[in-house]
Structures are given as C-alpha cells and as structure tokens.
2 protein chains.
Amino acid sequence: MEPLLLDRLLQIGELFEKDMSRAFEGTSLSTARVHLLWVLQDAGPSTQQTLARLCGVSPRNITGLVDALEASGHVRRTPHPTDRRAVLVELTEMSTTYMAQMRREHSDLDTELLDAVAPADREAVQRGVAAIANRLGELVADARGGTS
Amino acid sequence: MEPLLLDRLLQIGELFEKDMSRAFEGTSLSTARVHLLWVLQDAGPSTQQTLARLCGVSPRNITGLVDALEASGHVRRTPHPTDRRAVLVELTEMSTTYMAQMRREHSDLDTELLDAVAPADREAVQRGVAAIANRLGELVADARGGTS
DNA sequence: TATTGTTATACTCTATAACTATA
DNA sequence: TATAGTTATAGAGTATAACAATA
C-alpha cells in the first residue's frame, strides 16, 4: 500500500530537520539560532520585541538566543538611537557572509529537489504544493480562531 | 516573486508542527510522546531499546517519555517474558482507542489536503512529492555517510 | 563481558512572572 | 502607566556517562 501524500509531507519535514541538525552539529548554531539570523537578514537591525514577534516566540526567549549568538560573534547589540530602553540587534560581517552562503545553498537545494521531479510534473507540483500550504494555513488559522 | 518550492515545503512542515502543538496543548501529550505512541501502535509491545532505535533517540530519552506516558495512563510497562533485564512497553486500552481516532483524523487530513489540489494536478503532485521525499532522503543519507 | 534500563548531570528551547530602567 | 529587556524559575526534549541487574 502506498504511503499517503500526508505521510510524504511529514517525512519531508523530518528530513529537513535532520539535515539542519546535522549541518549545525559541532558548531555553536542550532535551528532556532539560525532562524533568528534568517529573520535578521530579512528584517535588518531590529529590537528584540520585533524579533520576538517575527519569530513567534517570547521576548525572554529572544534574550537567550541573542545572548548565545552574541557570544559566538554572529550578532551585535547596539543602542537604539532614540529609545534608551531598547537595543538594536544586527548581523556581524561574519554572519552576513555566512547567511549569503546559506541562501545560495538554499537555492541550490531548491533546484536539486525540483530536478527530482519529472519535467512534465513540475508545474503541477509547484501549483499543488502551494495549494496544500494555503489550505493547511487556513485549517491551522481556523482551529486557532475557533478555540480562542 | 514567487516563493520557492523549498520554502513552501518548509512552511508546510512548520504548519504541521504548529497544528500538532496546538492540538496537544492542555493535555499531557506532546509531539515526542505521540510519536512514541504512534511507533508503539505500529510495532506492538516493544522493549525500550527497540523504541529508542525506532524513534531515533537515546534509550535514556525513552525512559523519560515512557515515565510520562505511564503516569498519564497511555502506556503500561510489563515484564519481558524471557529477559528479566528488559520491560515491554505497550499501549493501554485508552491509548489504543485514542490512536485509532488519531489515525482516522490523519486520513481525513490527507483527503482534505489532496482536495485542495486541482484534480488534474493530483497524480503529478503525488508522484512529485514522493520523488522529492526520496531525493531528500538520499541527500541526507549521503551527507551522513560522507561525514562519518 | 555485553546488554537493559536507570540515576546523575547538563544543555537547548520554550514559557510566565516579577523587576529595572526608561518612555 | 506602559514598554523594553533582564533576572528568576520551571518544564520538556535531548545527550553522554556511570551504575545496577541480568544475560
């Protein structure tokens, strides 16, 4: 019996996690920390409150992640120019380079995965996966809305 | 600019995680614990060593998960019939019922997601996603093999 | 001597609540 | 009074290493 589409998608999620954990082991990085770097690369220098919102975690958690990333030289805390309560977190030069490399690898992986799909199926897969992501997003939002 | 296929797949993984966390909040369950229940449902009564292998975590970790699931009445430890060092972990009746229900919901979700895909694209999506899962599995295995 | 499970210890990610400094 | 960030505390998931009982 064939595995369900859902099982394939769950399997893909697990493989991504495994791949990332493996890639970061032996370094000071982790998926949570790299996620923060990724957000910083998109958003530019940000307050920790902003990062908490963008990452979907508590402000306290951001303190810990930034502490670790600052200790390893990946980010820098600088004073906020107008609000003396706040700090701006920004990527260091090292991290900027590192994240550019990561974006390249990300793009390469996308190409590699698309290459695994039969050429005649590629457009359908892109449409279909986008449709699945949207539907799933609606379901999760509905469940959340219905509960609260 | 359109999101990459890879980004859609990562997004789907995050949505699954969010959905499961939400489903289990307020209960004694978690994704790690339910994963163990799922494995037990497939494998039947098993030693903790076996569960550690099947879940891909350390034996010590299984001790903790089984402790929690035993306390909440989801699993039972019984003596191994021939090896007095080992225990067999098995689902309770409550858990068996619960997991059957979960399997039904799993199947319903599969149907729902497939329904989100245009009928003409469905076969291509099933083939394509399977191909992507396989390719990704190879890549992760290669990386692991190349490292060790 | 090898294996099963547990105790001991530690680290990361996560959360809430109380507190300090500022707005 | 409200906001930004930190300290304090807690819990889950994960790991390795040392140890007991048994094979």
Side-chain angles (χ1 to χ4, degrees), chain A residues 14 17-18 20-40 43 45-72 74-90, chain B residues 13-14 17-18 20-40 45-72 74-90:
Chain A
E14 282 171 24
E17 277 184 31
K18 198 170 298 185
M20 286 189 286
S21 306
R22 194 193 43 67
F24 300 142
E25 89 187 5
T27 75
S28 66
L29 292 176
S30 64
T31 53
R33 290 173 193 177
V34 169
H35 182 220
L36 181 47
L37 293 181
W38 199 274
V39 165
L40 269 174
S46 310
T47 65
Q48 296 189 183
Q49 291 289 333
T50 302
L51 295 174
R53 252 189 300 106
L54 293 174
C55 291
V57 300
S58 68
R60 174 60 185 93
N61 200 348
I62 296 293
T63 296
L65 294 172
V66 171
D67 283 351
L69 288 168
E70 197 174 36
S72 58
H74 287 93
V75 304
R76 196 186 295 124
R77 280 182 168 105
T78 60
H80 191 287
T82 66
D83 186 340
R84 287 200 300 174
R85 292 170 307 181
V87 297
L88 286 180
V89 182
E90 61 185 19
Chain B
E14 282 171 24
E17 277 184 32
K18 197 169 300 185
M20 285 188 285
S21 307
R22 194 193 43 66
F24 300 143
E25 89 187 3
T27 76
S28 66
L29 293 175
S30 64
T31 54
R33 292 176 191 176
V34 169
H35 183 219
L36 181 49
L37 294 181
W38 199 273
V39 165
L40 270 174
S46 310
T47 66
Q48 295 190 182
Q49 291 289 334
T50 302
L51 294 174
R53 252 188 302 105
L54 293 174
C55 291
V57 301
S58 68
R60 174 61 184 91
N61 200 349
I62 296 294
T63 297
L65 294 172
V66 172
D67 282 351
L69 288 167
E70 197 174 35
S72 58
H74 288 93
V75 304
R76 194 185 296 123
R77 281 181 169 104
T78 60
H80 191 286
T82 66
D83 187 340
R84 286 199 301 173
R85 294 170 306 180
V87 299
L88 286 179
V89 181
E90 62 185 21

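A note on names: the letters A, B, ... follow the listed sequences, proteins ahead of strands, and every chain is numbered from 1.
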K.L.:
Just one of Leu29(A), Val89(A), Val34(A) clears the side chain to side chain contact (heavy atoms under 4.5 Å, CB included) bar with Leu69(A), so which one?
P.N.:
Leu29(A)
K.L.:
Describe the nucleic acid contact of Asp83(B) in one word from base, sugar-phosphate, nothing, applying a heavy-atom distance below 4.0 Å.
P.N.:
sugar-phosphate
K.L.:
May I have the distance from His80(B) (atom NE2) to dA21(D) (atom C1'), rounded to whole angstrom?
P.N.:
15 Å
K.L.:
Starting at the 5' end of DNA chain D and moving along, which residue's nearest nucleotide shows up first, Ala68(B) or Arg60(B)?
P.N.:
Ala68(B)
K.L.:
Could you work out which one of dT14(C), dG5(D), dT22(D) sits closest to the side chain of Gln48(A)?
P.N.:
dG5(D)
K.L.:
The side chain of Ala86(B) lies closest to which of these nucleotides: dC13(C), dA23(C), dT4(C)?
P.N.:
dT4(C)
K.L.:
Out of dA15(C), dA23(D), dC13(C), which has the shortest distance to the side chain of Val57(A)?
P.N.:
dA15(C)
K.L.:
Map Leu29(A) and Thr82(A) onto DNA chain C by nearest heavy atom, then report which one ends up closer to the 5' terminus.
P.N.:
Leu29(A)
K.L.:
Could you pick out which residue, Gly56(A) or Thr63(B), lies toward the 5' side of DNA chain C when each is mapped onto its nearest nucleotide?
P.N.:
Thr63(B)
K.L.:
Taking any heavy-atom pair under 4.0 Å as a contact, classify Thr31(B): base, sugar-phosphate, or nothing.
P.N.:
nothing
K.L.:
Base, sugar-phosphate, or nothing: which does Ser30(B) touch, judged by heavy atoms less than 4.0 Å apart?
P.N.:
sugar-phosphate
K.L.:
Donor-acceptor pair, Arg33(B) side chain versus Ser28(B) backbone, under 3.5 Å?
P.N.:
yes
K.L.:
Return the CZ to NZ distance between Arg22(B) and Lys18(B), rounded to the nearest 0.5 Å.
P.N.:
11.0 Å
K.L.:
As a test of reading the structure: which of dT6(C), dT3(C), dG13(D) is closest to the side chain of Arg85(B), going by heavy atoms?
P.N.:
dT3(C)
K.L.:
Which heavy atom of Cys55(B) sits nearest to which heavy atom of Val39(B), and what is that distance?
P.N.:
SG-CG2, 4.1 Å
K.L.:
Taking the side chain of Val87(B) as its heavy atoms from C-beta onward, which of dG5(D), dT16(C), dG5(C) lies nearest to it?
P.N.:
dG5(C)
K.L.:
Let me know the distance between CD1 of Ile62(A) and P of dT16(C), rounded to the nearest Å.
P.N.:
13 Å
K.L.:
Is the distance from OP1 or OP2 of dT4(C) to the nearest side-chain N or O of Thr47(B) less than 4.0 Å?
P.N.:
no
K.L.:
Please tell me if Asn61(A) has a side-chain N or O lying less than 4.0 Å from either OP1 or OP2 of dC13(C).
P.N.:
no
K.L.:
What nucleotide among dG5(C), dA12(D), dA15(D) has an atom nearest to a side-chain atom of Arg33(B)?
P.N.:
dA12(D)
K.L.:
With the side chain of Gln49(B) defined as its heavy atoms from C-beta on, choose the nearest nucleotide among dT4(C), dT14(D), dT6(C).
P.N.:
dT4(C)
K.L.:
dT6(D) phosphate, OP1 or OP2: any side-chain N/O from Arg77(A) under 4.0 angstrom?
P.N.:
yes
